[in-house]
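What follows is a short report on a single structure.
To find a chain, count down the sequence lines: A is the first, B the second, and so on, and within it residues start at 1.
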Number of protein chains: 2
Amino acid sequence: MSTMTDARLPRYYLIRDELHKRILNGEWKPGELIDAESALADRYGVALGTMRKAIAQLVSEGFLERRHGVGTFVRRANFESSLFRFFRFTSASGERVVPESQILDLRVVPANEECARHLELSTGDELIAIKRLRLLEHKPVQFEEIYLPKTLFEPLLETPAESLPALLYPWYEECCDQVVASAHEELSVEKVSVEHAHLLGIETGDPVILIERLAHDIAGRPIEWRRSRGAAERFRYHIDIR
Amino acid sequence: MSTMTDARLPRYYLIRDELHKRILNGEWKPGELIDAESALADRYGVALGTMRKAIAQLVSEGFLERRHGVGTFVRRANFESSLFRFFRFTSASGERVVPESQILDLRVVPANEECARHLELSTGDELIAIKRLRLLEHKPVQFEEIYLPKTLFEPLLETPAESLPALLYPWYEECCDQVVASAHEELSVEKVSVEHAHLLGIETGDPVILIERLAHDIAGRPIEWRRSRGAAERFRYHIDIR
DNA sequence: TACTTATACTCCTATATAGGACTGTCAACC
DNA sequence: GGTTGACAGTCCTATATAGGAGTATAAGTA
């Protein structure tokens with residue numbers, strides 16, 4: 001709770017930290033109304049403008065939300081938003097679609113060197129390994145290999161594979177108490193292997209997009225390593241430069 | 001944008017519009033220093049805080065950039081995030097290099113439907129079309145097709161192709177008074193054609209990354225349409241989410 | 001010449017204050 | 001009972017003012 005504030009930092013920033021702490025330690029819960037900015041300014045002994053700047057900071061960081069004439073609220077965590085950058089499938093009508101999931105394999109395996117490195121484990125540590133196809137209109141669009149540290153995802157082993165949902169992250173949260181808060185994605189292209197061509201229903205030698213993806217929890221610990229392959233043909237990615 | 005200011009809008013927002021106009025109409029060019037905020041506050045007859053808020057708005061929109069103790073500048077496009085940066089173009093010593101340019105063709109052509117659409121011209125309007133190879137240690141790594149509206153780039157036609165630099169945007173700025181202020185890039189993958197395979201020195205059927213880029217001036221008018229192809233093997237894109 | 005210092009300019013933080021704009025509630029009215 | 005309107009509470013805009021912090025340049029000094 002250190003008020004050992006570094007005096008060289010601006011005041012509004014120190015107050016941002018104080019408020020931030022009160023959110024993180026649960027004093028103000030998601031969705032709740034916090035004190036009025038004028039009250040907070042008094043309470044912290046700063047001018048209104050300074051308090052507003054501190055709050056504005058937290059708003060821009062996504063922790064708070066203001067409603068004119070009503071109050072300032074702790075923002076509900078908004079996962080689901082788009083922790084995926086690539087492979088966002090859209091239907092003919094243009095809206096986002098979640099491909100169905102068909103589990104091909106689910107077993108406990110010892111971590112190989114690559115998985116261990118990414119998940120920050122030791123080679124040989126137990127992992128849950130999932131292989132699955134993602135389908136759109138019953139046609140395969142993606143083949144995924146997913147690796148999870150067994151210690152964190154025990155409940156998954158007591159779940160029949162058929163009842164795992166297509167969207168895994170909400171399920172991780174509900175059943176394993178593991179929240180994915182950030183991710184790193186790497187995209188490359190390869191010529192499809194015979195095995196993958198067969199799974200994806202494309203010609204041998206066609207290009208596939210390979211996405212390697214490491215997901216982290218709030219504390220930044222890696223909790224899921226995933227490799228997805230899909231036909232490159234329809235793939236598009238775009239960015240704006242300013 | 002327009003001075004038909006709606007008095008119901010906040011003042012700082014109206015001033016944002018005024019400043020925005022001065023940027024768009026070229027009074028302040030990209031990279032240039034604008035007036036001090038105190039001077040602007042006087043000039044527009046508002047308090048300093050109000051002017052700062054207007055400027056903050058434009059900063060967050062990416063039009064301006066502040067430098068403490070120095071001044072406020074019109075922001076230049078930052079190509080750090082360009083998709084091109086994810087091609088592995090490194091010299092033997094390991095540092096990033098700008099591939100050399102070898103012009104294969106430069107001529108005036110009538111716009112086809114696709115170019116006309118992107119550049120917001122009419123089919124048949126005159127374009128300057130450039131085809132060139134990008135080389136690294138004398139080996140081709142990228143093939144580019146570039147289309148420019150002839151009316152904006154006349155000086156280019158009086159320049160011998162050999163003397164065009166590898167980096168064109170600074171040259172556009174210097175010789176044609178055209179500043180690239182933003183761009184849109186789209187990535188896709190294709191199996192290389194026989195022609196491109198030959199140019200790039202790769203096997204027929206190998207995957208290539210196709211990047212299409214539309215560059216705009218400060219007012220948002222399209223000024224260059226570019227299509228680049230490079231071996232997918234050298235390409236690896238990565239991104240942090242959240 | 002080479003280094004230090006002054007200084008003048010920039011943006012940045014912070015205060016105190018006044019009133020406007022928006023929202024939800026509750027009492028008064030028809 | 002349903003509508004209206006006052007009201008209190010919230011965030012929002014705007015002003016005026018003071019001094020701090022960072023930067024570049026020019027003047028002064030060894």
Side-chain angles (χ1 to χ4, degrees), chain A residues 3-20 22-23 27-76, chain B residues 3-20 22-23 27-76:
Chain A
T3 318
M4 43 171 294
T5 54
D6 185 337
R8 287 168 304 181
L9 281 170
R11 238 166 145 175
Y12 76 87
Y13 203 85
L14 301 177
I15 288 178
R16 182 225 87 108
D17 284 352
E18 294 295 323
L19 301 182
H20 187 220
R22 292 178 76 172
I23 296 166
E27 185 179 341
W28 292 322
K29 297 204 170 55
E32 267 183 30
L33 178 69
I34 74 169
D35 302 350
E37 47 187 39
S38 55
L40 285 169
D42 287 353
R43 157 81 174 68
Y44 284 93
V46 295
L48 183 63
T50 306
M51 182 53 71
R52 277 183 61 73
K53 219 164 162 182
I55 291 172
Q57 182 73 30
L58 288 165
V59 168
S60 81
E61 293 172 43
F63 290 105
L64 293 176
E65 190 175 13
R66 313 175 105 142
R67 271 185 254 158
H68 191 169
V70 183
T72 306
F73 298 81
V74 180
R75 189 157 157 253
R76 292 176 193 285
Chain B
T3 321
M4 39 173 295
T5 55
D6 185 338
R8 287 168 304 180
L9 281 172
R11 241 172 131 132
Y12 76 87
Y13 204 84
L14 301 177
I15 287 178
R16 183 224 86 107
D17 284 353
E18 293 295 322
L19 300 182
H20 188 220
R22 294 178 75 173
I23 296 167
E27 185 177 343
W28 292 322
K29 297 204 170 55
E32 270 183 26
L33 178 68
I34 75 169
D35 301 349
E37 47 188 36
S38 56
L40 286 169
D42 288 353
R43 158 79 175 70
Y44 284 93
V46 296
L48 183 63
T50 306
M51 182 52 72
R52 276 185 61 74
K53 218 164 163 182
I55 291 172
Q57 182 73 30
L58 288 165
V59 168
S60 81
E61 291 172 45
F63 289 104
L64 293 177
E65 190 176 15
R66 313 176 106 140
R67 272 186 256 159
H68 192 169
V70 184
T72 305
F73 298 80
V74 180
R75 185 163 165 266
R76 304 186 64 101

### Query
Considering only heavy atoms and no angle criterion, is a donor-acceptor pair shorter than 3.5 Å present between the side chain of H68(A) and the base of dC22(C)?
no

### Selection residues 32-56 of chain B - residue pairs positive for ring pair (Phe, Tyr, Trp, His ring centres under 6.0 Å), sequence neighbours left out
none

### Query
Can you pull the contact range of chain A along DNA chain D, 5' to 3', using atoms under 4.0 angstrom from its heavy atoms?
dG9(D) to dT13(D)

### Task
Apply side-chain contact (heavy atoms from CB on, under 4.5 Å) to H68(B) and list each qualifying residue two or more places apart in sequence or on a separate chain.
none

### Query
R76(B): what forms a side chain to side chain donor-acceptor pair (under 3.5 Å) with it, not counting sequence neighbours?
E173(B)

### Message
Rounding to an integer number of Å, can you tell me how far E65(B) CD sits from dC11(C) C1'?
### Response
14 Å

Could you list the donor-acceptor pairs under 3.5 angstrom formed by side chains in residues 55-63 of chain A, with sequence neighbours left out?
| unit_1 | atom_1 | unit_2 | atom_2 | d |
| --- | --- | --- | --- | --- |
| Q57(A) | NE2 | E61(A) | OE2 | 3.1 |
| S60(A) | OG | Q57(A) | O | 2.9 |
| E61(A) | OE1 | R16(A) | NH1 | 2.5 |
| E61(A) | OE2 | R16(A) | NH1 | 3.0 |

### Query
Looking at residues at least two apart in the chain, or sitting in another chain, which of them share a salt bridge (Lys or Arg N to Asp or Glu O under 4.0 Å) with E27(B)?
R22(B)

### Task
With sequence neighbours excluded, tell me which residues meet side chain to side chain donor-acceptor pair (under 3.5 Å) with E37(B).
R52(B), R66(B)

### Task
Check each residue of residues 47-64 of chain B for a non-hydrogen atom within less than 4.0 Å of any atom in DNA chain D, then write out the ones that pass by number, or none.
A47(B), T50(B), K53(B)

### Query
Under the side-chain contact (heavy atoms from CB on, under 4.5 Å) test, which residues partner A36(A), sequence neighbours left out?
S38(A), A39(A)

### Query
Tell me, which pairs form a salt bridge (charged side-chain N to carboxylate O under 4.0 Å, His left out) where one or both residues lie in residues 38-49 of chain A, sequence neighbours left out?
none

### Summary
Residue pair G69(A)/Y12(A) against DNA chain C: nearer the 5' end by closest nucleotide is Y12(A)

### T72(B) side chain near dC11(C) phosphate (N/O to OP1/OP2, under 4.0 Å)
yes

### Task
Figure out the CZ/C1' separation between R66(A) and dA21(C), and round it to whole Å.
15 Å

Atom pairs under 3.5 Å, N or O on each side, protein against nucleotides 4-8 of chain C: can you list them with distances?
none

